[in-house]
Amino acid sequence: MKFLFDEKIDRRNTGSMKWDVDENELPMWVADMDFQTAPEITASMMERAGQRVFGYTIVTDEWYEAYKNWWKNRHQFEIRREWLVFCTGVVPAISSIVRKITTVGENVIVMTPVYNIFFHSIVNNGRNILENRLKYDGDAYQIDFTDLEEKLQDTQTTLLLLCNPHNPVGKIWDRETLQRIGDLCVKYHVTVLSDEIHCDITEPGYDYTPFASVSENCRNNSITCVSPTKAFNLAGIQTAAVIVPNDNLRHKVVRGLNTDEVAEPNVFAAISPIAAFGRGGEWLDALREYLWENRRYAEEYIKNEIKGVSAVPARATYLLWIDCRSITGDSSELCRFIRSHSGLYLSDGNDYRNGSGFLRMNLACPRQQVEDGMKRLRDSVKAYESWVCEPS
């Protein structure tokens, strides 16, 4: 293997949020990877560090070209330079945009279950969450468009926060679905804010569709947040971009990001996207192959070894959404039990709303770690079923 995805990296005692756990625990919860990033990125940062001067940094022409070329070549979407705005992260961008595009007391629609930090960005800014609850038929999640249109019609609704591809269910929204969302939002004067941070983590042979690429309605009524941090394991670098084709919307976004002081890069935030998008494609393709082997292994193991539990099929993200509803109606209790029993640390489906009875597992780690996690999950589920059946 050219890239050492099987290599175990000891991240304990390094200030890692993920690995700040007890010695016997196996963290497979928060969405960062246990792989070294692409060597081209490391080399570019080490070269820059070698200068030994870390002054104020600007966004260079190369940064704009890196984003433009990557989306054109990878995702068949031509981005104009003036559409791009630097930001220190997708979450800071979302919070800033919620503050700038909406006012206190207005409604923001989210499609649940969805990334839990969305709720913080809405509630902490004094806005209201409107849940458009996705429907799961045992095979795939779908949007309830009747409910969505009803919520869009509310005159207090001014923003729809889209997750494309969708975290935690791993759904790639197809072009027809995105166009329908776009048309409805234009009809009811609701702006679309699309979080597309997981867009480069798709099953080999599959690509996602950028929301803004679908139609004129989608392009002129949307704000898109993107970043290399998820695909290239750069979450600690604090780098992202906001794509805003509409001039009026972009003016508001730029003013909001600058007011909130999240529009200026640190040294490595400015150069890492250039290396990632400019020279990291081969590494990313190899990573995707490895991740989907991990997913196939986990899905087969659950199917064959863990009764009462099933994996939700997914085409995107390195996150496994696990359906445990046949053994419990309380995924919070199950999540706590698993961690206590085996040390396996997963995410509780309740954190994402409309996810009761589900667990989320991060598969972006060496295969040996996935195998360990699966065995711990199997043993914990067996023990949990025995525990809940014990007479009180």
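All values below come from the heavy atoms of this structure, side chains included, with hydrogens, waters and symmetry mates left out. Being a predicted model, the structure only gives us computed values, none of them experimental. Counting begins at 1 with the first residue of the sequence.
The salt bridge (charged side-chain N to carboxylate O under 4.0 Å, His left out) test applied to E299 returns no partner, not counting sequence neighbours. Remark: E333 pairs with Y384 by the side-chain hydrogen bond (donor to acceptor under 3.5 Å, both in side chains) rule, at least two apart or across chains. Residues passing the salt bridge (charged side-chain N to carboxylate O under 4.0 Å, His left out) test with K72, sequence neighbours excluded: none. For E23, the salt bridge (charged side-chain N to carboxylate O under 4.0 Å, His left out) criterion is met by R12, not counting sequence neighbours. By the salt bridge (charged side-chain N to carboxylate O under 4.0 Å, His left out) test, E25 is found to be paired with R339, residues two or more places apart in sequence or in another chain being considered. In this view, R11 and I9, T14, S16, K18, W19, D32, D34 satisfy the side-chain contact (heavy atoms from CB on, under 4.5 Å) rule, not counting sequence neighbours.
Between Y345 and W29, the angle of the ring planes stays under 30°, which puts this pair in the parallel group of the 30/60° scheme. In this structure, H341 and F337 have parallel ring planes: the angle between them is below the 30° cut-off, well short of the 60° mark.
In this structure, the side chain of D323 engages the main chain of R325 through a donor-acceptor pair within 3.5 Å. At least one donor-acceptor pair closer than 3.5 Å links the side chain of T239 to the backbone N or O of A269. A donor-acceptor pair under 3.5 Å is formed between the side chain of N132 and the backbone N or O of D144. Looking at S331, its side chain does come within 3.5 Å of a backbone N or O of G357 through a donor-acceptor pair. Without hydrogens or angle criteria, D348 side chain to D351 main chain gives no donor-acceptor distance under 3.5 Å. When atom types are taken as modelled, the side chain of S44 and the backbone of I41 share a donor-acceptor pair closer than 3.5 angstrom. Without hydrogens or angle criteria, K230 side chain to A235 main chain gives no donor-acceptor distance under 3.5 Å. Looking only at distances, no side-chain donor or acceptor of T317 sits under 3.5 Å from a matching main-chain atom of G170. The backbone N or O of G281 sits nowhere less than 3.5 Å from a side-chain atom of W70 that would complete a donor-acceptor pair. A donor-acceptor pair is defined here as one N or O able to donate and one able to accept, closer than 3.5 Å; such a pair exists between the side chain of S386 and the backbone of K382.
Residues R250 and E82 are not paired through a salt bridge, judged by the lack of any N-O separation under 4.0 Å between the basic side chain and the carboxylate. Under 4.0 Å is where a charged nitrogen must lie from a carboxylate oxygen, and between D379 and K375 no such pair does. A salt bridge is defined here as a Lys NZ or Arg NE, NH1 or NH2 lying under 4.0 Å from an Asp or Glu carboxylate O, and E106 with R127 fails to meet this definition. Using a 4.0 Å cut-off between a side-chain N of Lys or Arg and a carboxylate O of Asp or Glu, D285 and R288 qualify as a salt bridge. A salt bridge links E131 with R353; the closest basic N to acidic carboxylate O contact falls under 4.0 Å. A salt bridge between E78 and K68 is absent, with no side-chain N of the basic residue lying under 4.0 Å from a carboxylate O of the acidic one. Salt-bridge annotation for D260 and R99: present, with a side-chain N of the basic residue lying under 4.0 Å from a carboxylate O of the acidic one.
Taking a 6.0 Å sphere around CD of E47, one finds it holds 12 or fewer heavy atoms contributed by other residues, nucleotides or ligands. Within a 6.0 Å radius of CZ in R296, more than 12 heavy atoms belonging to other residues, nucleotides or ligands are found. Annotation: R80, atom CZ; neighbour count of heavy atoms from other residues, nucleotides and ligands within 6.0 Å does not exceed 12.
Taking all atoms of both residues into account, the shortest heavy-atom contact from F232 to A276 is CZ-O, 3.5 Å. For the pair I94 and C225, the tightest heavy-atom approach, listed with the atom from each and the gap, is CG1-SG, 4.3 Å. Looking at every heavy atom in both residues, Y208 comes nearest to E196 through OH-OE1, 2.6 Å.
A ring-centre distance under 6.0 Å is not found for Y115 and Y352.
For the pair R367 and Y290, the cation sits on the ring face: its NZ or CZ lies under 6.0 Å from the ring centre, inside 45° of the axis. Both the sub-6.0 Å distance and the 45° axial angle are not jointly satisfied by R295 relative to the ring of Y318. Judged by the 6.0 Å and 45° rule, R180 forms a cation-pi pair with F145.
Under the 4.5 Å side-chain heavy-atom criterion for ILVMFWY residues, a single connected hydrophobic cluster contains both I143 and L184. There is no path of hydrophobic side-chain contacts, each under 4.5 Å, that joins W71 to V242. Note on V192: it does not cluster hydrophobically with I172, by side-chain heavy-atom contacts below 4.5 Å among ILVMFWY residues. Clustering ILVMFWY residues whenever any of their side-chain heavy atoms sit less than 4.5 angstrom apart, transitively, puts I223 in the very cluster that holds I117. Residues F211 and L161 do not share a hydrophobic cluster, clusters being chains of Ile/Leu/Val/Met/Phe/Trp/Tyr side chains in contact below 4.5 Å.
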Residues D372, R376; criterion salt bridge (charged side-chain N to carboxylate O under 4.0 Å, His left out); working and verdict
CA-CA 6 Å; D372 185 9; R376 295 187 193 216; 3.0 Å; yes

Please walk me through it: do K2 and E282 pass salt bridge (charged side-chain N to carboxylate O under 4.0 Å, His left out)?
CA-CA 10 Å; K2 181 175 180 179; E282 184 182 3; 3.1 Å; yes

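Residue L319 is tested with N362, V312, L363 for a side chain to side chain contact (heavy atoms under 4.5 Å, CB included); the sole match is N362.
Checking R219 against N246 by side-chain atom types alone, no donor-acceptor pair falls below 3.5 Å.
Side-chain contact between F3 and F35 is absent, with no heavy atoms from C-beta onward closer than 4.5 Å.
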